Amino acid sequence: MKDFVAPPAAELRAPCDVMQLRRLGAMFPTRLSFLRVLTRALAQHGTPPQRHLWQMDTDGHGRAVYTLELFGRPYALVALSQDLAPEARSDRVIATAWDAAFVLYDGVPSTAEIDRIAAAAPLQEAGRFTEKDLVLSRANKSVRLWSHCVERLRSGAQPDPAFVNDVGYLMRTTAVYGNGKFGIADRALYAGRAGFEMSFMAEMLTVWLIRHFTHDLLEHVAGAGLEPDLKRHLGIGNATGLGMAPFLVTHPVLLNNWMMVRETALARVRAVPHLTVEHIASLQAHYERAGAHLEQWNVADVGAQAAIHALRKDWPGLSSHLADAALQAPYAMEALWQAGQRLSIETQELLLALMLEPFGDLVDGLAECLTDPFGAPNETFEDTDALRAALATQFDWALGIDYDDKTASAQFWYVSEEKREPRLGQRYQEPGAELESPLDIGRRIAALARDLPDDPEPLAAFLTRHPEHLLAVERVQIARAHPYSEVRGNLIDANCRPIDMLRSKLSLFGAAKFDPKSDLWTRVTLAQGAPLAEDLGEPTKQSWWCTVLAGC
């Protein structure tokens, strides 16, 4: 067997640039986002979903079960749809009722198991689940678009493309729970299976199957079929709030690996010496598609819409670098990348996603690293001087901030007693700071630096005197080995925008059409443009980045 030889690569972008909150909040989905990885796996190693059970009344209330195989192993989505009063419909995590509830089941459920899930899943947190239940989710209809689609289909017409694009989904999830939540299976039970080794693959499979179910449910209620392009454009909505943000802080090695994959892919593409005719055609087509996608992306938030307008203005500025002559020159991808560095951060991040798109053969294999099989390193520091040196190298961003200033320490993270969900409090206006979660990494690092002795001391002796710094020392150990492990921002500052962390993680999932409702939560669309069940065998349907709907 020949030894593996890594492809040529440019220098990776510096963590001090990549991991800034501002840049994390400008990220876009790429072909290495988890949903794209999933649909490629389904196309190569899966079977199309089949209806195992369909017990729905004329209004679309009842139960359904879909089965498929991934790498030869069967899984099933159990879907429960119920009548929901308008006043009970809410995006809030505190809601207690939803239009639909779902479980991704390990295997093909028996009638008794379907009955068990039908009793438990609509209760969500209040239900009882087993290790056969891999993922738990719930969703509400987008009532305006749902009603419009039903009415148009019943009348013999198709839905209005502009309306379909404006909303983008028939149902919107408010949670997709995995990894042992509420008694469902711990990830350790299935993490070694083919197809599920990488992060969040079970959750992404659930989302894709829920989308398939919403299409079927609409056509059942309306008594007519959707045109395929409209159906592909109907993804799954998602409302995401603060609950997602702490994950990036509490999983530093995993965050590093996700970002390292992305940065390595970019570095490989930048080092390509010559482009083929196929590469050039793909780049140009996707560049045009991205411009059209930007035109079809509109949100209500004034600031977010201004950012979209700025992107629309910037994007044509790259056109000369995507002309035939420019792309036929040696190292055209590096030249394109450098041209983008004169533009906004948002444009740079969109350009990164564009540049990866034609190079699946070069970057797709990196998806195998989208996980954390080894955990944090256990190499310690020789003494406090070695620790001090690492602080100066890895955490200069955290030092020099006056955390005693009320602006720099205005907020605190905590977990609500009622819903066991992360929340953000105002330190000097609200009670509860004594219950603060340890997401104040920058402040802890600065406190560690202040207490380091002038003369070198064995680390064990120092921690014996200062056990309160153990977490900070662990973060420095991790950062020394994993340079992209830290969000480089003060997460308790008055001006911290948690939505930047939400967008970065959602883009890694594959979410698009970011629609912020505040600095604390956003709506997005998942799997918009993704292959339908009947598309899985068609390679041309696997490139669904920056989807565009004709007729808008």
Side-chain angles (χ1 to χ4, degrees), residues 35 38-39 42-43 48-66 68 77 79-81 99-100 102 137 139-173 205-238 289 292-293 296-297 510-513 523-538 540-552:
L35 266 168
L38 171 77
T39 56
L42 285 171
Q50 303 294 322
R51 277 194 200 171
H52 180 77
L53 178 71
W54 186 264
Q55 294 177 345
M56 293 287 170
D57 64 21
T58 56
D59 293 322
H61 303 139
R63 61 178 69 175
V65 177
Y66 292 86
L68 56 66
L77 179 77
L80 295 310
S81 173
D99 283 311
F102 308 92
S137 185
N140 286 328
K141 291 173 182 171
S142 172
V143 176
R144 290 185 306 127
L145 183 59
W146 179 271
S147 300
H148 168 80
C149 290
V150 169
E151 291 170 4
R152 292 293 291 265
L153 290 173
R154 283 178 175 173
S155 71
Q158 289 291 311
D160 175 16
F163 197 4
V164 168
N165 180 70
D166 181 52
V167 178
Y169 46 79
L170 296 168
M171 283 190 181
R172 181 173 57 248
T173 61
L205 177 58
T206 304
V207 168
W208 186 78
L209 286 170
I210 290 174
R211 170 178 176 254
H212 183 76
F213 164 74
T214 66
H215 296 162
D216 279 4
L217 190 68
L218 172 65
E219 293 178 338
H220 169 79
V221 172
L226 278 165
E227 192 273 332
D229 284 345
L230 286 174
K231 187 184 292 190
R232 288 187 194 94
H233 205 70
L234 286 167
I236 282 292
N238 176 263
R289 188 197 297 182
H293 177 85
Q296 293 188 359
W297 176 23
K513 299 286 184 71
R523 288 178 180 168
V524 294
T525 306
L526 293 159
Q528 187 175 61
L532 305 173
E534 56 267 31
D535 296 334
L536 290 177
E538 299 185 37
T540 57
K541 295 295 193 298
Q542 294 302 313
S543 178
W544 47 279
W545 178 74
C546 277
T547 186
V548 174
L549 183 60
C552 295

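Keep in mind it's a predicted model, so treat the numbers as computed, not measured.
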Quiz item: Distance-only, no hydrogens or angles: does the Ser81 side chain make a donor-acceptor pair with backbone N or O of Gly60 under 3.5 Å?
Solution: yes
Quiz prompt | Asp229: partners by salt bridge (Lys or Arg N to Asp or Glu O under 4.0 Å), with sequence neighbours left out | solution = Arg232
Quiz item: Does Asp59 reach the side chain of Val221, with side-chain heavy atoms less than 4.5 Å apart?
Solution: no
Quiz item: Can you name the residues that form a salt bridge (Lys or Arg N to Asp or Glu O under 4.0 Å) with Arg289, not counting sequence neighbours?
Solution: none
Self-check item: Contacts of Phe213 that satisfy ring pair (Phe, Tyr, Trp, His ring centres under 6.0 Å) - sequence neighbours left out
Solution: Phe102
Practice problem: Please name all residues satisfying ring pair (Phe, Tyr, Trp, His ring centres under 6.0 Å) with His220, sequence neighbours left out, ordered by chain then number. | Solution: Trp54
Practice problem: For Ala550, check side chain to side chain contact (heavy atoms under 4.5 Å, CB included) against everything at least two apart and list the hits. | Solution: none
Quiz item: Hey, does His215 have a side-chain heavy atom less than 4.5 Å from the side chain of Leu532?
Solution: yes
Quiz item: Where do Ala533 and Pro49 come nearest, in terms of heavy atoms and distance?
Solution: CB-CD, 3.7 Å
Quiz item: For Gln50, which residues count as a side chain to side chain contact (heavy atoms under 4.5 Å, CB included) partner, sequence neighbours excluded?
Solution: Pro48, Thr67
Quiz prompt | Qualifying residues under side-chain hydrogen bond (donor to acceptor under 3.5 Å, both in side chains), relative to Asn238, sequence neighbours excluded | solution = Thr173, Thr240
Quiz prompt | Geometric class of the Trp297/His293 ring pair [parallel <30°, tilted 30-60°, perpendicular >60°] | solution = tilted
Under 3.5 Å, side-chain donor or acceptor atoms of residues 159-166 against the rest of the protein: list the pairs with distances, not counting sequence neighbours.
unit_1: Asp160; atom_1: OD1; unit_2: Ala162; atom_2: N; d: 3.2
unit_1: Asn165; atom_1: OD1; unit_2: His233; atom_2: NE2; d: 2.9
unit_1: Asn165; atom_1: OD1; unit_2: Lys513; atom_2: NZ; d: 3.2
unit_1: Asn165; atom_1: ND2; unit_2: Gln296; atom_2: O; d: 3.0

Quiz item: If you look only at pairs with a residue in residues 205-227, which of them pass as a salt bridge (Lys or Arg N to Asp or Glu O under 4.0 Å), with sequence neighbours excluded?
Solution: Arg51-Asp216, Glu219-Lys231
Quiz item: Which residue pairs pass the side chain to side chain donor-acceptor pair (under 3.5 Å) test with at least one member in residues 143-159, sequence neighbours excluded?
Solution: none
Quiz item: For Ser142, which residues count as a side-chain hydrogen bond (donor to acceptor under 3.5 Å, both in side chains) partner, sequence neighbours excluded?
Solution: none
Exercise. Could I get the full list of salt bridge (Lys or Arg N to Asp or Glu O under 4.0 Å) partners for Glu538, not counting sequence neighbours?
Key: Lys541
